[in-house]
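Note that this is a predicted model, so its numbers are computed, not measured.
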Amino acid sequence: MSIHLLVPFYRKHLYKTLTYYYGQMKILFHPICDSVDIEPFKDNKLDWVKPLLCPSLIPGQQCYKKFNDFIDLGEIILDDYYGFCGDDDMFEPEFFSELSKRNSDVVYNSNYRGDKIPNDGAPHGVSPLIIRRKEDVFVNNIGLGMFFVKGHIFKTTRFDINFSGADGRFAEDVLHKGTIDFMSNSFVFGNYFQPGRHTDRNKFL
């Protein structure tokens, strides 16, 4: 079983940073890019980095459309895990080692969102989102980076491309599509690379 991480990629300045960190985590990294944002990956020689070229978004469409594009254009392996996150998020160093021990159809994890809310960029709050049970899974309490699904679930579920809370809605939908598990003590670091958000050096990677 492999773990695939799907990322709508925009921040070209983070290309080297993301490949540095994910290169240590033994995953398959799928940056989903349009013809402009795919530029850093044109000469890609890393066999675990698998960029996908997709159409540009049109006004009003959310980045979630890129995950639907992956369903339409990419290869999905039914028993592999697929996760979704932003290109300024990051995971704890041992996160994927823990995930690889699981075998449920859907696995939920928690989100540490930093200790300060910067004046620009993502306005998300800094209270951790801890997912311990089914009742914690609802729109505005769970987002990208906080759930992984087997390929056979991913193929049958699509993201709403016109709703800003589509990540939470997706998480709600898959709650009822198979066996579930919780990695409550394993964290994605939300907006980790947003300047001024993660300032507590004791919690740096």
Side-chain angles (χ1 to χ4, degrees), residues 1-10 27-34 50 52 54-55 57-58 60-91 95-96 99 102-113 122-125 127-184 186-192:
M1 181 194 73
S2 296
I3 299 171
H4 304 254
L5 188 63
L6 279 55
V7 178
F9 183 79
Y10 303 98
I27 64 169
L28 296 172
F29 173 43
H30 299 272
I32 310 173
C33 318
D34 64 17
K50 300 182 179 297
L52 179 74
C54 71
L57 300 180
I58 63 175
Q61 289 181 339
Q62 302 287 322
C63 70
Y64 309 115
K65 179 180 182 296
K66 295 195 172 188
F67 302 130
N68 293 344
D69 289 337
F70 190 94
I71 297 175
D72 296 333
L73 303 172
E75 177 186 9
I76 297 176
I77 299 170
L78 299 185
D79 201 43
D80 283 1
Y81 273 127
Y82 291 81
F84 321 88
C85 74
D87 60 1
D88 66 345
D89 297 331
M90 186 45 61
F91 292 82
F95 181 95
F96 294 108
L99 179 61
R102 311 298 173 113
N103 196 41
S104 296
D105 295 316
V106 184
V107 179
Y108 296 96
N109 57 276
S110 299
N111 186 335
Y112 175 67
R113 302 192 290 175
H124 307 135
S127 298
L129 299 175
I130 312 296
I131 307 300
R132 298 186 177 92
R133 55 192 180 273
K134 291 181 180 181
E135 290 76 15
D136 295 329
V137 179
F138 57 89
V139 174
N140 294 328
N141 195 57
I142 189 167
L144 293 181
M146 299 178 68
F147 48 89
F148 287 77
V149 300
K150 287 290 185 75
H152 66 91
I153 301 288
F154 183 29
K155 288 189 73 165
T156 63
T157 313
R158 298 180 77 88
F159 285 83
D160 185 337
I161 64 174
N162 298 306
F163 173 46
S164 62
D167 47 357
R169 182 172 291 169
F170 185 100
E172 291 178 344
D173 289 344
V174 299
L175 188 63
H176 310 289
K177 288 196 170 187
T179 58
I180 63 172
D181 199 355
F182 298 92
M183 288 173 37
S184 304
S186 296
F187 287 80
V188 61
F189 291 164
N191 308 116
Y192 185 74

Legend entry - For the student: nearest non-hydrogen atoms of Y64 and A166, plus distance: CD1-CB, 3.5 Å
Inset, instruction - Would you give the length of the straight line joining atom CD1 of I142 to atom CG of N109, rounded to the nearest 0.5 angstrom? - result: 7.5 Å
Inset, instruction - Check step by step if salt bridge (charged side-chain N to carboxylate O under 4.0 Å, His left out) holds for D173 and R169. - result: CA-CA 6 Å; D173 289 344; R169 182 172 291 169; over 6 Å; no
Legend entry - Considering all heavy atoms, the nearest Y81-D105 contact: CE2-O, 4.3 Å
Inset, instruction - Hey, could you give me the CG/CD distance between N162 and Q61, rounded to the nearest 0.5 Å? - result: 6.5 Å
Inset, instruction - Give a yes or no on whether D72 atom CG has more than 12 heavy-atom contacts from other residues, nucleotides or ligands under 6.0 Å away. - result: yes
Legend entry - Minimum heavy-atom distance between E172 and V139, given as atom pair plus value: OE2-N, 3.0 Å
Inset, instruction - Would you check if Y192 and D89 make a side-chain contact, meaning some heavy-atom pair closer than 4.5 Å? - result: no
Inset, instruction - Indicate yes or no for a side-chain donor-acceptor contact from K150 to the backbone of G178 under 3.5 Å, with no hydrogens or angles considered. - result: no
Legend entry - Residue pair V106 / L175, side-chain heavy-atom distance below 4.5 Å: no
Inset, instruction - Please list, chain by chain and in numerical order, all residues satisfying salt bridge (charged side-chain N to carboxylate O under 4.0 Å, His left out) with D136, sequence neighbours excluded. - result: R133
Inset, instruction - Look only at the side chain of R113 and the backbone of G125, and say whether a donor-acceptor pair between them is shorter than 3.5 Å. - result: yes
Inset, instruction - Could you tell me whether Y82 and F154 have their ring centroids closer than 6.0 angstrom? - result: yes
Inset, instruction - To the nearest 0.5 Å, tell me how far D167 CG sits from M146 CE. - result: 9.5 Å
Inset, instruction - Supply the atom-to-atom distance L99 CG to I3 CD1, rounded to the nearest 0.5 angstrom. - result: 4.0 Å
Inset, instruction - Locate the shortest heavy-atom distance separating T157 from K177; write the atom from each residue and the value. - result: OG1-NZ, 2.7 Å
Inset, instruction - State whether the side chain of D80 and the backbone N or O of G151 hold a donor-acceptor pair below 3.5 Å, judged by distance alone. - result: no
Inset, instruction - For the residue pair F187 and I130, establish whether any side-chain heavy-atom pair is separated by less than 4.5 Å. - result: yes
Legend entry - Separation of S2 OG from I27 CD1 (nearest 0.5 Å): 10.5 Å
Legend entry - P55 side chain near D69 side chain, heavy-atom distance below 4.5 Å: yes
Legend entry - CG on N103 to OG1 on T179, rounded to 0.5 Å: 7.5 Å
Inset, instruction - Would you please indicate yes or no on a ring centroid separation below 6.0 angstrom for F67 and F170? - result: no
Legend entry - Centroid separation F70 to F84 less than 6.0 Å: no
Legend entry - Chi angles and distances behind the side-chain contact (heavy atoms from CB on, under 4.5 Å) call for H30, L52: CA-CA 7 Å; H30 299 272; L52 179 74; 5.9 Å; no
Legend entry - D87 side chain vs Y10 backbone, donor-acceptor pair below 3.5 Å: yes
Inset, instruction - Please confirm whether the backbone N or O of L129 pairs with a side-chain atom of N111, one donor and one acceptor, at under 3.5 Å? - result: no
Inset, instruction - Indicate yes or no: at least one non-hydrogen side-chain atom of Q62 is less than 4.5 angstrom from one of D160. - result: no
Inset, instruction - Decide yes or no for L5 and F91: does some side-chain heavy atom of the first lie under 4.5 Å from some side-chain heavy atom of the second? - result: yes
Legend entry - Contact summary for D34 and K66, nearest pair of heavy atoms: N-NZ, 4.0 Å
Legend entry - Non-hydrogen side-chain atoms of M183 and Y108 separated by less than 4.5 Å: no
Inset, instruction - Begin with the C-alpha distance, continue with both residues' side-chain angles, and end with the deciding distance and a verdict on side-chain contact (heavy atoms from CB on, under 4.5 Å) for V188 and F95. - result: CA-CA 8 Å; V188 61; F95 181 95; 5.6 Å; no
Legend entry - Closest heavy-atom pair and its distance - V174, V149: CG2-CG1, 4.1 Å
Inset, instruction - Using a 4.5 Å cut-off on heavy atoms from C-beta on, say whether the side chain of V7 contacts that of C85. - result: yes
